[in-house]
Amino acid sequence: MSHVKTDEALLQVRGLKKHFGHLEVLRGIDIDIHKGEVVAVIGPSGSGKSTFIRCLNRLEEPTAGEVIFEGQQINTKKADIDKIRQKIGMVFQNFNLFSNMTIMQNITAAPINVKKIPKDQAEERALNLLDRVGLKDKAAEYPVRLSGGQRQRVAIARALAMDPDILLFDEPTSALDPEMVGEVLNVMKELAEDGMTMVVVTHEMGFAREVSDRVIFIDQGVIQEENEPKEFFAHPKNPRLKDFLNKVL
Ligand code: ADP
Ligand code: MG
């Protein structure tokens, strides 16, 4: 699929390394992510996919290398990480909604408390976002009353409420019952079509193939292969990628 991709690098990753003690999880990752681009990240379990995207907004502190967002290095003491995190949205596998808050409160909490947006404006925007993910009628409910697919769509709306420049997804459909995967992927596909820049760690090869502009395969701490999806899946070159695709396809 072709999105409103531009040549402007929104996020530049240079020589990114992350060690946990003696465990070298990321051993030198280099990638540019462009405005409007959708990058799918695949790889075996434990290969460092989560660690990689968590380094992109400093949920993990890189051991070495640079992460540059909108021209500004984010992994330095000087960086205003709170400001940067407002611009880098994140959607997790397990939704991470606040169970003691309504859906509306979940979505408006950060805009009101962090961005100081007036409550009525934040709520109006939240309703628009809920409408966008097909859940306008759920504003007053608590998360426990929603299905997994609905909760994840709320989590996406919550991330969008901060008006991010990029959204990071860490296996957004992995915790869902199979019948709910499609509704979440559809919302993500619409975001992609609207030009949102997205990095998506996923096991959904159909999504990677049909929605992403580029697929990267992480294994043994490095990007072993990257390509546009058609070529990536049709003609994998790296033996480890071939082996991986044989197992998952
Ligand atoms: P993936 O998301 O590809 O499954 P992860 O990034 O979660 O992989 O993990 C990569 C490796 O790093 C695994 O061996 C995991 O056990 C290890 N790891 C992840 N987070 C930590 C941590 N906070 N402390 C120690 N080891 C970790
Ligand atoms: Mg993971």
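Every value quoted in this text rests on a predicted model; they were computed, and no experiment measured them. Counting starts at 1 for both ligands and their atoms, following the listed order. Atom set for the values below is all heavy atoms of this structure, side chains included, hydrogens, waters and symmetry mates excluded.
Atom CD of Gln220 has more than 12 heavy atoms from other residues, nucleotides or ligands within 6.0 Å.
Checking each of Thr202, Ile156, Val199, Val41 against Phe169 for a side-chain contact (heavy atoms from CB on, under 4.5 Å) leaves exactly one that passes, namely Ile156.
Ligand 1 lies under 4.0 Å from heavy atoms of Phe20, Leu23, Val25, Pro44, Ser45, Gly46, Ser47, Gly48, Lys49, Ser50, Thr51.
Geometric assessment of Arg209 against the ring of Phe233 yields a positive cation-pi assignment under the 6.0 Å and 45° thresholds.
Note on Arg151 versus Glu141: no salt bridge recorded, every NZ/NE/NH1/NH2 to OD/OE distance being 4.0 Å or above. Look at Asp32 and Arg14 and you find a salt bridge, because one of the NZ, NE, NH1 or NH2 atoms lies within 4.0 Å of a carboxylate O, short of that distance.
Put simply, Thr51 stays out of reach of the Mg ion (ligand 2), with no N, O or S atom under 2.8 Å from it.
From Phe92, atom CZ reaches atom CG of Leu168 across 9.0 Å, with rounding to the nearest 0.5 Å.
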